[in-house]
Amino acid sequence: MLSIKNLNVKLEDEDKQILKGVDLEVEAGKVHAIMGPNGSGKSTLSYVLSGKGGYEVTEGTAELEGVDLLDMEPEDRAAAGLFLAFQYPVEIPGVGNMTFLRTAVNAQRKARGEEEMSAAEFLKVVRAKAKELKIDADMLKRPVNMGFSGGEKKRNEILQMAMLEPKMCILDETDSGLDVDAMKLVAEGVNALRSEGRGFLVITHYQRLLDHIKPDVVHIMANGRIIKTGGPELALEVENNGYADILAEVA
Amino acid sequence: MAEAALKTDPVAAILEGREVLATGWSAAARSDALARLQASGLPERRDEYWKFTRPDTLTQAQAPQAAVMADDEAPLFDEMDRLQIVFVDGVFDAEASDDLALEGISIERLATANSDLHWARDVYGVLEKRGQDPVSRPLAALNTATATDGILIHVTGKPSKPVNLIYNHKSDSSDATLHHCIKLDAGAELTVLENGPAAARLNKVMEVEIADGASFNHIRAQGRNHERRAATHLFARLGTESEFKSFTLTMNGVLTRNEAVIELTGDDAKAHIAGACVGDGDFHHDDTVFITHDAVNCESRQVFKKVLRNGAIGVFQGKILVKAGAQKTDGYQISQSLLLDGDSQFLAKPELEIYADDVACSHGSTSGAIDEDALFYLRSRGVPHADATDMLTLSFLAEAVEEIEANDLREEILDRLTGWLGRRRG
Ligand SMILES: Nc1ncnc2c1ncn2[C@@H]1O[C@H](COP(=O)(O)OP(=O)(O)OP(=O)(O)O)[C@@H](O)[C@H]1O
Ligand SMILES: [Mg+2]
């Protein structure tokens, strides 16, 4: 599904290398988790994959189902099936959450040559999915993420994911800022989307989310590289011992 | 000798070919205004009040040519039930207008209203004159002295529909001087809509006297004609518990200077003024607002938004003056511009001058580009770059457009802005 080879990324305006040869393969139907110390490059990886400006790929490739992602505009990557749940969702004053969602859903459908969703159908679907995530009608009406609490913003990201039904979902610390109940809701939202044809890359610092969303593979990222890959037990090891042992092991 | 002196005097030059009526009910006001104009002279580049806007094309004797733009859009307010009053190149067009009759108001044409006992005597040039202090507004004085047409509306009740002043620009060289007077009696209500480009060059004054408990609502769209020039003045005086609301949409026009001079003279009055303007290329738009609080517990609110691209220039000069004794004043002012490229410019001079101690006044002015994080967020969800830019641009303007209370009017204005942005895709 998602295939990243020797990805090297530096900042566009600065001589600062952030990703130093990332190799990662997420298969369809699988959930991969990435853990790693602060500043190791996890968010940068997710931004570069989704096409944010300010970064320069100096080497390597990233493909989604065999299609080169790095050459595409962000909106084309989205239409191709890539989704990023932001670590820090952006507030957009003046743009209604509903309008935004419907524009996004229909823009993707249009880009793929599919029929657009009618206003009525959209409303029905969004209401049902919002209800599952305990997002109330008022939040749907408000401008995008404006005045949302940290946890509400994260739930709103999952609502967008549920509406857009992407093939490859990247979740960047979607668990941070969530209370225990909200974490369950979000995990349920993610689990409901788990399917044969869909891949997940879940960036997190904590084992707790992975209790709910059981990963198939866990990677440890440090200093711009994947330094260790293992099964779910790797996350438990990090939870218990931190990164010191793993870092020492590869050094 | 005398002739040579005349030629070099800009006031004399612009007065040439214009008549200062010496008879009729407005004669005294006109000669008074002429004296004001002669005392102040015409605005010049070096005047502090014209620091950001060059007045020369507004003050030169001959109006610069402005090509009439073919417009395939249906006029604004077309679907509404309203009383239509049409001016073509600054001349009232009886044929195209409705009968000037509506329950609750009386309407007369300035050019033919010649009764000696005219109510407008207490308004015509009166509010304009009050507005000359502390800053002189020579173009308004010129207007009072030489206006050739306009409309006089006396509102005694609550008319069932709005009055729509519709302007048509048909001649490349038209130079219009229009003067409207509106007087709302106590408790009366009126909505005035204005739309269309009035002339190649327009000098327009609207004076609005709002008595106690009356309410005036004003929505204007200044016609999307690329080359037109306009200097407009809106003078309003508010009585106790009265309300004034004004919204202006400006799309294109090579030069627009909109001055508003609002005096809150009765307690508990409310004045809201807002503007949304979009400019592309050779476009200069200036909002100059002066609000005076001279009574207790009044509220004033200014919301101005400008979207500028391809070297367009936006200006905002806004002042709130709170006089001694105007306690419990609530004054708010915001002016913002969205610069869609590095060539465009926004020049702002917000001012507060306060002589009372129990007031809450705030002002803010910002100028910036599209928020890159918001743009990326929208694009990452699949919204194409151009759509995302338009969404953010419209949402920026929305704050000003939302000042319009009536849903249908608000939607119409937003549609126009959407259309304007749509035509600039590519
Ligand atoms: N635009 C930028 N300008 C300057 N430095 C940047 C920029 N983007 C990333 N960095 C730097 O790159 C490094 C990696 O940052 P990144 O946000 O990817 O880390 P992370 O692994 O997501 O960390 P965290 O766990 O704290 O979220 C950090 O040192 C960060 O300061
Ligand atoms: Mg991060």
Side-chain angles (χ1 to χ4, degrees), chain A residues 46-55 69 72-97 99-112 114 116 143-146 153 156-157 159-161 163-166 169-170 172, chain B residues 274-278 303-307 334-338 340-342 364 366-404 407 410-411 413-415 417-418 421-422 425-426:
Chain A
S46 69
Y47 283 146
V48 170
L49 291 174
S50 47
K52 190 175 185 191
Y55 302 100
L69 278 176
M72 296 161 91
E73 297 296 332
E75 54 268 38
D76 298 331
R77 301 182 196 202
L82 188 75
F83 179 88
L84 167 64
F86 283 55
Q87 181 173 2
Y88 304 108
V90 181
E91 297 187 353
I92 311 182
V95 176
N97 212 10
T99 313
F100 158 62
L101 254 175
R102 193 152 84 88
T103 307
V105 167
N106 282 334
Q108 290 202 13
R109 289 185 168 218
K110 200 170 150 198
R112 292 193 293 258
E114 296 165 11
E116 292 186 22
V144 179
N145 293 324
M146 290 297 290
K153 283 180 183 165
N156 199 30
E157 294 290 288
L159 174 64
Q160 292 171 37
M161 185 169 86
M163 289 304 296
L164 293 166
E165 301 182 325
C169 310
I170 306 174
D172 191 358
Chain B
C277 117
V278 288
V303 180
F304 288 90
K305 298 265 191 167
K306 295 175 169 48
V307 171
I334 182 106
S335 68
Q336 295 183 309
S337 78
L338 177 62
L340 293 180
D341 52 51
T366 65
S367 173
I370 288 268
D371 179 346
E372 285 298 327
D373 288 336
L375 188 65
F376 174 64
Y377 191 69
L378 292 173
R379 295 179 72 192
S380 79
R381 297 304 182 241
V383 183
H385 192 291
D387 295 297
T389 304
D390 284 3
M391 266 177 108
L392 293 173
T393 305
L394 275 177
S395 74
F396 168 80
L397 290 164
E399 204 187 324
V401 179
E402 272 154 22
E403 294 289 308
I404 302 173
N407 282 331
R410 202 170 52 230
E411 290 303 317
I413 299 288
L414 278 175
D415 281 352
L417 288 166
T418 309
L421 291 171
R425 284 295 186 79

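Fair warning: this is a prediction, and the values are worked out from it, not measured in the lab. Chain naming here is simple, since letters A, B, ... match the order of the sequence lines and numbering starts at 1 in each. Only this structure's heavy atoms are used, side chains among them; waters, hydrogens and symmetry mates stay out.
Salt bridge status for A:Glu116 with A:Arg102: absent, with no side-chain N to carboxylate O gap under 4.0 Å.
The contact between A:Pro89 and chain B is made by backbone and side chain atoms together, counting heavy-atom distances below 4.5 Å. For chain A, no part of B:Leu397 is nearby; none of its heavy atoms comes within less than 4.5 Å. In this structure, chain B has no heavy atom under 4.5 Å from any part of A:Asn106. Interface residue A:Val144: only side-chain heavy atoms are found under 4.5 Å from chain B.
When the candidates B:Glu372, B:His385, B:Glu399 are compared by the number of heavy-atom contacts under 4.5 Å with chain A, B:His385 comes out ahead. The greatest number of non-hydrogen atom pairs below 4.5 Å with chain B, out of A:Leu82, A:Ile92, A:Asp76, is found for A:Ile92. Put simply, of A:Pro166, A:Ala111, A:Ala104, the one with the most heavy-atom pairs under 4.5 Å next to chain B is A:Ala104.
Side-chain contact check for A:Asn145 and B:Tyr377: at least one donor-acceptor pair (N or O, by modelled atom type) lies under 3.5 Å.
Minimum interatomic distance between B:Ile370 and B:Leu338 (heavy atoms only, all atoms of both residues): N-CD1, 3.6 Å.
Separation of atoms CD (B:Glu403) and CZ (B:Phe304) is listed at 9.5 Å; rounding is to 0.5 Å. Taking CZ of A:Arg109 as the reference point, atom CG of A:Leu164 lies at 10.0 Å (rounded to 0.5 Å).
Between the side chain of A:Arg112 and the backbone N or O of A:Ala79 there is at least one donor-acceptor pair closer than 3.5 Å.
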